Asks: 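I have a structure here, written as C-alpha cells, and I will follow up with some questions on it.
What you see is a predicted model; the values in this text were computed from it and never measured.
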Amino acid sequence: MANLRIALVAGEASGDILGAGLMRALKAQHPAVEFIGVGGPLMQAEGLSSYFPMERLAVMGLVEVLGRLRELLARRKKLIATLIAEKPDVFIGIDAPDFTLNIELKLRQAGIKTVHYVSPSVWAWRQKRVLKIREGCDLMLTLFPFEAKFYEEKGVPVRFVGHSLADAIPLEADRSAARAELGLPEGPLVALMPGSRGGEVGRLGALFLDTAERLRAMRPGVRFVMPCASPERRVQLEELLASRDLPVTLLDGRSHQALAACDAVLIASGTATLEALLYKRPMVVAYRLAPLTFWILKRMVKSPYISLPNLLAQRLLVPELLQDDATPEALALTLSPLIDGGEEQTTGFDQIHRTLRRDASNQAAEAVLNLIGKPQ
C-alpha cells in the first residue's frame, strides 16, 4: 500500500476533536499514512506533527483578530508555501473558514486536492462565500443534511457525513444515573445554559436567573443546574447569584451530565442546543445581542430560524425568544409546561439524532480516500 501524505489544519478545540477522529479513521482504512499541518493535542496524539501551536489560530472576536491580523496573515502565507512544497495528496481544512478557505483556494490552484470539513453558515448569511468555496474546494463534508442540500443546489461537490456527537451520545441518556453522579435530588430540574463566552453570560446570565425566580414562583419545587464553561464564567455566575436566593448547583464544565440529569433546558442559541437535542431534553432558546448587531444581522440572515434544532427540523420545533421578546415572564411561561411535557420536541429530537448518527469519522475518511482515488 503506497504511502499517503495528508495535510490538515484545525483552528480550535472543536476542530481538534473532529480532526483526531478523522485521522483515526484514515489510519484504520489506509495504515500507510503520514499527517502534516496544524492541530491541537488530540490531533498530535494521533500522529500529526504540527508546524506551530494551534492556539495561535484560535482568536475570537473582531477586535482580537485585528490585533493579531499581521501574525495570522504571515502564518497563513508561510503555511501555503510550505504545503505547496510538501505536495500532500490532499489538504483538509477543518472549520475555521476565515483562515482555511483561502489556503484551500491557493493549494487547489497549485494542483493539490482540497477538502473542507464543517460547512460555514453560508446558507444563513454571506451566501456569496459559496462561490469562493466552489472555486477552492474539491469536496465539502457537512455535518447536517440541510447544508448538503444547499451545496448541491449551488453545484459544489458535497457529502453529508453526520455528526460525531450524534455517534458519541447515546440514543437514550440515563437521567437517574446522571443525577446520582452529580449528587442532585429527584424532582423537577432545569438546566440553565446562558453560553460559554463572557459577553453571552453578561447579556443572558441575569435574564436566565430572573426567569428561574419566576419559574420557582410558579413551581415551588423546581431546582436548577448550571454548567460553567471556565473558571472565569464561574466567578461571573457566582457574582450574579450572590444577591439571590435560588437553589442553583454550579458545575465546572460537565455540561453533558447537566443535560442528562435535567428535565428541561433554558439555553442560549449555539452549539449547545445540538447537545440538548441529542440528550432529548425539551428546551427554550433565548438570545440577546447588542441592539445594533441584532438590527444588522436581521437584515443579513436569510434563514427563518436561528437555532440548530429548528434548522434541522426545518420547522419551528423549539421556541426561540430573541431580543425584546426574551423577558423573564415569557421565558418562564414557555418553559414551565416543558418540565413534565415536551413530547413533541423529544420525538422530533429522536428522529434528528438517528439521521445524524452515521459514523461520521469513517464516512469522512471514506469520502477523502475516494476523492484521491485511494479507496480502501
Asks: A side-chain contact here means heavy atoms from C-beta on lying under 4.5 Å apart; do Ser119 and Met140 qualify?
Replies: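 When only atoms from C-beta onward are counted, Met140 and Ser119 do touch, with a gap below 4.5 Å.
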Asks: Decide whether Val201 and Leu322 are clustered together by the hydrophobic rule: side chain heavy atoms of Ile, Leu, Val, Met, Phe, Trp, Tyr closer than 4.5 Å, transitively.
Replies: yes
Asks: Is the backbone of Pro231 close enough, under 3.5 Å, to the side chain of Asp252 for a donor and an acceptor to pair up by distance?
Replies: no
Asks: Can a donor-acceptor pair be found between the side chains of Ser164 and Asp167 at a distance below 3.5 Å?
Replies: no
Asks: With distance as the sole test, does Asp263 use its side chain to make a donor-acceptor pair with the main-chain N or O of Val190 at under 3.5 Å?
Replies: no
Asks: His116 side chain to Val118 main-chain N or O, any donor-acceptor pair under 3.5 Å?
Replies: yes
Asks: Do Glu320 and Asn310 meet the criterion of a side-chain donor-acceptor pair at a distance under 3.5 Å?
Replies: yes
Asks: Could you tell me whether the side chain of Lys27 and the main chain of Gly47 form a donor-acceptor pair under 3.5 Å?
Replies: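 A pair under 3.5 Å: no.
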Asks: Assess whether a salt bridge exists between Asp210 and Arg214, defined as any Lys/Arg side-chain N lying under 4.0 Å from an Asp/Glu carboxylate O.
Replies: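 No, this pair does not count.
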Asks: What's the shortest heavy-atom distance between Pro145 and Thr355, and which atoms?
Replies: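 Scanning both residues completely, I find the closest heavy atoms to be CG-CG2, 4.2 Å.
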Asks: When you compare the side chain of Arg288 with that of Leu204, does any pair of heavy atoms fall below 4.5 Å?
Replies: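 Counting from C-beta outward, Leu204 and Arg288 do come under 4.5 Å.
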Asks: With a 3.5 Å distance limit and no angle check, can you tell me whether Arg134 reaches the backbone of Val156 through a side-chain donor-acceptor pair?
Replies: no
Asks: Is the shortest side-chain heavy-atom distance between Glu135 and Gln109 below 4.5 Å?
Replies: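 They are in side-chain contact.
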Asks: Using modelled atom types only, decide if a donor and an acceptor are shared between the side chain of Thr114 and the backbone of Gly136 within a distance under 3.5 Å.
Replies: yes
Asks: Apply the side chain to side chain contact (heavy atoms under 4.5 Å, CB included) test between Pro282 and each candidate in Thr346, Leu277, Val265, Ile339; give the one that qualifies.
Replies: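 The option that passes is Thr346.
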Asks: If you measure from CG on Leu83 to CZ on Arg5, what distance do you get to the nearest 0.5 Å?
Replies: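 That separation rounds to 10.0 Å.
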Asks: Heavy atoms only: give me the nearest Ala286-Phe208 pair and the separation to one decimal.
Replies: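 Taking Ala286 first and Phe208 second, the nearest heavy atoms are CB-CE1, 3.9 Å.
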Asks: Any chance you could measure Ile84, atom CD1, to Lys106, atom NZ, to the nearest 0.5 Å?
Replies: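 If we round to the nearest 0.5 Å, Ile84:CD1 and Lys106:NZ are 9.0 Å apart.
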Asks: In plain terms, say whether Asp245 and Arg216 are close enough for a salt bridge, that is, a side-chain N and a carboxylate O under 4.0 Å apart.
Replies: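 Salt bridge between Asp245 and Arg216, a charged N being under 4.0 Å from a carboxylate O: no.
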Asks: Could you grab the distance from atom CG of Asp138 to atom CZ of Phe91, nearest 0.5 Å is fine?
Replies: 12.0 Å
Asks: Can you tell me if NZ on Lys149 sees more than 12 non-hydrogen neighbours from other groups inside 6.0 Å?
Replies: no
Asks: Could you tell me whether Glu366 and Arg159 have a side-chain N and a carboxylate O separated by less than 4.0 Å?
Replies: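 A salt bridge links Glu366 with Arg159.
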Asks: When you measure from the side chain of Lys280 to the backbone N and O of Glu172, does any donor-acceptor pair fall under 3.5 Å?
Replies: no
Asks: Can a donor-acceptor pair be found, under 3.5 Å and without considering hydrogens, that links the side chain of Gln236 to the backbone of Gly198?
Replies: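 Yes; at least one donor-acceptor contact below 3.5 Å.
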Asks: Look only at the side chain of Glu147 and the backbone of Phe144, and say whether a donor-acceptor pair between them is shorter than 3.5 Å.
Replies: yes
Asks: Kindly indicate, with the supporting measurements, whether the criterion side chain to side chain contact (heavy atoms under 4.5 Å, CB included) is fulfilled by Leu237 and Glu239.
Replies: CA-CA 5 Å; Leu237 289 165; Glu239 285 171 1; over 6 Å; no
Asks: Which pair of heavy atoms, one from Thr211 and one from Pro328, lies closest together, and at what distance?
Replies: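 Minimum heavy-atom contact is OG1-CA, 3.5 Å.
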Asks: Take Glu71 and Arg75, measure what salt bridge (charged side-chain N to carboxylate O under 4.0 Å, His left out) needs, and give me the verdict at the end.
Replies: CA-CA 6 Å; Glu71 182 201 345; Arg75 284 196 186 277; 2.8 Å; yes
Asks: Taking all heavy atoms of Pro309 and all of Ile352, pick out the closest pair and write down the distance.
Replies: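 Smallest heavy-atom distance, with atoms named: O-CD1, 4.0 Å.
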Asks: Roughly how far apart are Leu321 CG and Thr327 OG1, rounded to 0.5 Å?
Replies: 7.5 Å
Asks: Does Arg234 pair with Glu238 as a salt bridge, N-O distance under 4.0 Å?
Replies: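 Yes, charged N to carboxylate O under 4.0 Å.
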Asks: Looking at Arg219 and Asp340, is any side-chain nitrogen of the basic one under 4.0 Å from a carboxylate oxygen of the acidic one?
Replies: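 Yes, this pair counts.
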Asks: Hey, are Tyr287 and Glu200 close enough side-chain-wise for a donor-acceptor pair under 3.5 Å?
Replies: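 Side chains of Glu200 and Tyr287: pair found under 3.5 Å.
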Asks: Please report the closest heavy-atom contact between Tyr151 and Val130, naming both atoms and the distance.
Replies: CE2-CG2, 3.8 Å
Asks: Is there a side chain to side chain contact (heavy atoms under 4.5 Å, CB included) between Thr142 and Val161? Walk through the geometry before answering.
Replies: CA-CA 6 Å; Thr142 74; Val161 297; over 6 Å; no
Asks: Pro319 and Gln345: which non-hydrogen atoms are nearest, and at how many Å?
Replies: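 Closest approach of Pro319 to Gln345, heavy atoms only: CD-NE2, 3.5 Å.
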Asks: Using atom types as modelled and distance alone, determine if a side-chain donor or acceptor of Gln44 lies under 3.5 Å from a backbone N or O of Gly39.
Replies: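 Judged by distance alone, yes, a pair lies under 3.5 Å.
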Asks: Could you measure the distance from the NE2 atom of His163 to the CG atom of Leu278? Nearest 0.5 Å is fine.
Replies: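 If I round to the nearest 0.5 Å, the distance is 7.5 Å.
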